[in-house]
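Hydrogens, waters and symmetry mates are skipped; everything else that's a heavy atom, side chains included, is used. Here is how names work: the chains are called A, B, and so on, in the same order as the sequence lines, proteins then strands, and each is numbered from 1.
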Protein chains: 2
Amino acid sequence: MTRNKVNYAFIEDDSKRKISYNKRLKGLLKKYDELKTLCDVEVATVIYGPYRNEPYTFPNNDVVRSTFIKFKEFPTLKRSKNMVTREEFTMQRIKKLEEQLQKVRKENRVKEMTNEML
Amino acid sequence: MTRNKVNYAFIEDDSKRKISYNKRLKGLLKKYDELKTLCDVEVATVIYGPYRNEPYTFPNNDVVRSTFIKFKEFPTLKRSKNMVTREEFTMQRIKKLEEQLQKVRKENRVKEMTNEML
DNA sequence: CCATCTATCTATAATGA
DNA sequence: TTCATTATAGATAGATG
């Protein structure tokens with residue numbers, strides 16, 4: 001997301017992808033830490049990256065384990081459906097926003113080109 | 001992180017905290033989706049926020065469940081220690097960087113004030 | 001409350017060492 | 001390859017509707 005616009009697709013180039021992965025993982029962990037600090041939420045994350053067999057955990061293994069045990073012990077099913085729905089809703093919203101953004105950008109590019117031609 | 005500098009401490013004001021939480025949660029999910037798309041990593045997250053009893057899951061309940069089963073089935077212990085260490089290392093690094101940044105900013109402020117006085 | 005805007009801060013792709 | 005720098009895209013606090 002900088003210098004050049006990011007094309008949101010799999011990064012084919014191995015070294016570029018690895019660099020991006022490491023930077024973004026760091027960024028993600030920072031965001032997590034911020035959310036935890038600012039809003040006092042409990043978070044557990046497991047990331048299976050392409051460069052190690054072991055997953056990467058946040059904030060650490062023990063919290064992940066206990067959080068997951070807690071997660072598992074919930075009654076489930078109806079709640080489960082709600083969560084998936086909410087997640088899908090959010091992702092759809094994000095996707096829609098990105099599409100709108102790209103559209104606006106494209107329009108602006110066309111405008112600029114047209115102006116240059118006049 | 002904008003308009004005003006963010007003080008990285010618990011946000012006391014309830015409504016501000018809630019607004020911030022919602023915005024940042026959305027941002028975090030977007031970052032996840034990007035990482036998944038750009039680098040093809042498997043991610044599972046559970047967030048216990050302050051506004052619902054049920055945890056918020058990403059990308060969805062089923063993936064979280066299966067990821068955690070996979071996570072649990074690992075041999076553990078020695079690997080566990082490494083992960084915590086790596087996580088702590090990363091967070092320390094981030095903290096150090098933030099401190100450096102704040103220091104530089106403070107220095108700049110002092111410089112500006114001194115210049116104004118001359 | 002929720003959506004939109006925008007000024008500003010932050011994250012990060014590309015580059016250089 | 002990893003570390004630091006820099007220029008730009010992206011995220012977001014506060015304001016407004």
Side-chain angles (χ1 to χ4, degrees), chain A residues 1-41 47 49-52 58 86 89-109 112, chain B residues 1-39 41 43 47 49-52 58 86 89-109 112:
Chain A
M1 307 157 179
T2 172
R3 291 235 176 166
N4 288 7
K5 241 160 287 186
V6 170
N7 177 22
Y8 287 106
F10 181 69
I11 300 170
E12 301 286 350
D13 185 289
D14 284 350
S15 72
K16 278 187 188 172
R17 189 173 64 254
K18 183 166 187 177
I19 290 168
S20 188
Y21 171 76
N22 284 322
K23 285 186 179 183
R24 281 169 175 276
L25 186 62
K26 200 180 111 208
L28 207 46
L29 294 180
K30 185 160 181 283
K31 287 287 178 195
Y32 259 135
D33 204 55
E34 288 175 7
L35 189 65
K36 225 174 62 166
T37 304
L38 295 170
C39 305
D40 191 30
V41 301
I47 300 175
Y51 308 110
R52 325 160 75 214
F58 179 84
R86 191 185 147 156
F89 170 77
T90 305
M91 292 322 298
Q92 275 174 9
R93 182 133 200 291
I94 288 167
K95 205 162 271 182
K96 199 178 281 180
L97 288 172
E98 280 174 351
E99 281 168 5
Q100 284 177 352
L101 192 64
Q102 289 212 332
K103 199 177 154 194
V104 170
R105 280 182 175 151
K106 199 179 259 178
E107 283 171 4
N108 283 338
R109 275 202 296 281
E112 281 170 22
Chain B
M1 309 160 173
T2 171
R3 292 236 172 165
N4 288 6
K5 238 162 287 183
V6 170
N7 177 23
Y8 286 107
F10 181 70
I11 300 170
E12 301 285 350
D13 185 288
D14 285 350
S15 73
K16 280 187 187 170
R17 189 172 64 254
K18 183 165 189 178
I19 290 168
S20 188
Y21 171 77
N22 283 323
K23 284 186 177 180
R24 282 168 172 275
L25 186 62
K26 200 180 112 211
L28 208 45
L29 294 179
K30 185 160 181 283
K31 287 286 178 194
Y32 256 141
D33 204 55
E34 288 175 7
L35 189 67
K36 225 174 63 165
T37 304
L38 294 170
C39 306
V41 301
V43 173
I47 299 175
Y51 308 110
R52 326 160 75 215
F58 181 84
R86 189 181 149 162
F89 171 76
T90 305
M91 292 321 298
Q92 274 173 9
R93 181 134 199 290
I94 288 168
K95 205 163 274 182
K96 199 178 279 180
L97 288 171
E98 280 175 350
E99 281 168 4
Q100 285 177 351
L101 193 66
Q102 289 212 332
K103 199 176 152 193
V104 170
R105 280 181 176 152
K106 198 181 259 176
E107 283 171 3
N108 283 339
R109 273 202 298 281
E112 280 172 23

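Per the geometry, OH belonging to A:Tyr21 stands 17 Å off C1' belonging to D:dT2, to the nearest Å. Atom P of nucleotide D:dG10 and atom CG of A:Leu28 are separated by 17 Å, given to the nearest angstrom. Taking atom NZ on A:Lys18 and atom P on C:dT12, their separation rounds to 18 Å, with Å as the unit. Taking atom CG of residue B:Asn7 and atom C1' of nucleotide C:dC9, one finds them 15 Å apart after rounding to whole Å. Rounded to an integer number of Å, the gap from CG of A:Asp33 to P of C:dA11 is 12 Å. In this structure, NZ of A:Lys30 is placed 14 Å from P of D:dA11, rounded to the nearest angstrom. As a whole-Å value, the separation of B:Lys31 NZ from C:dT10 P is 14 Å. In this structure, B:Lys26 places its NZ atom 8 Å from P of D:dT12, rounding to the nearest Å.
Remark: B:Lys30 NZ to A:Tyr8 OH distance equals 4.5 Å, nearest 0.5 Å.
Scored by the ring-ring contact (aromatic ring centres under 6.0 Å, His included) test, B:Phe10 finds no partners at all (sequence neighbours excluded). Every residue meeting the side-chain contact (heavy atoms from CB on, under 4.5 Å) condition with A:Lys23, not counting sequence neighbours, appears here in chain and number order: A:Ile19. Take B:Asp13 and apply the salt bridge (Lys or Arg N to Asp or Glu O under 4.0 Å) test, not counting sequence neighbours, and it matches no residue. With sequence neighbours left out, the side-chain contact (heavy atoms from CB on, under 4.5 Å) criterion links A:Lys18 to A:Asn22, A:Tyr51.
Pairing each heavy atom of A:Arg17 with each of B:Leu38, the nearest pair is CD-O, 3.6 Å.
Looking at heavy-atom distances under 4.0 Å, A:Ser20 makes contact with sugar-phosphate atoms alone, never a base.
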Polar atom pairs (N or O), protein with nucleotides 14-17 of chain C, under 3.5 Å:
| from | atom 1 | to | atom 2 | distance (Å) |
| --- | --- | --- | --- | --- |
| C:dA14 | N6 | A:Lys23 | NZ | 3.1 |

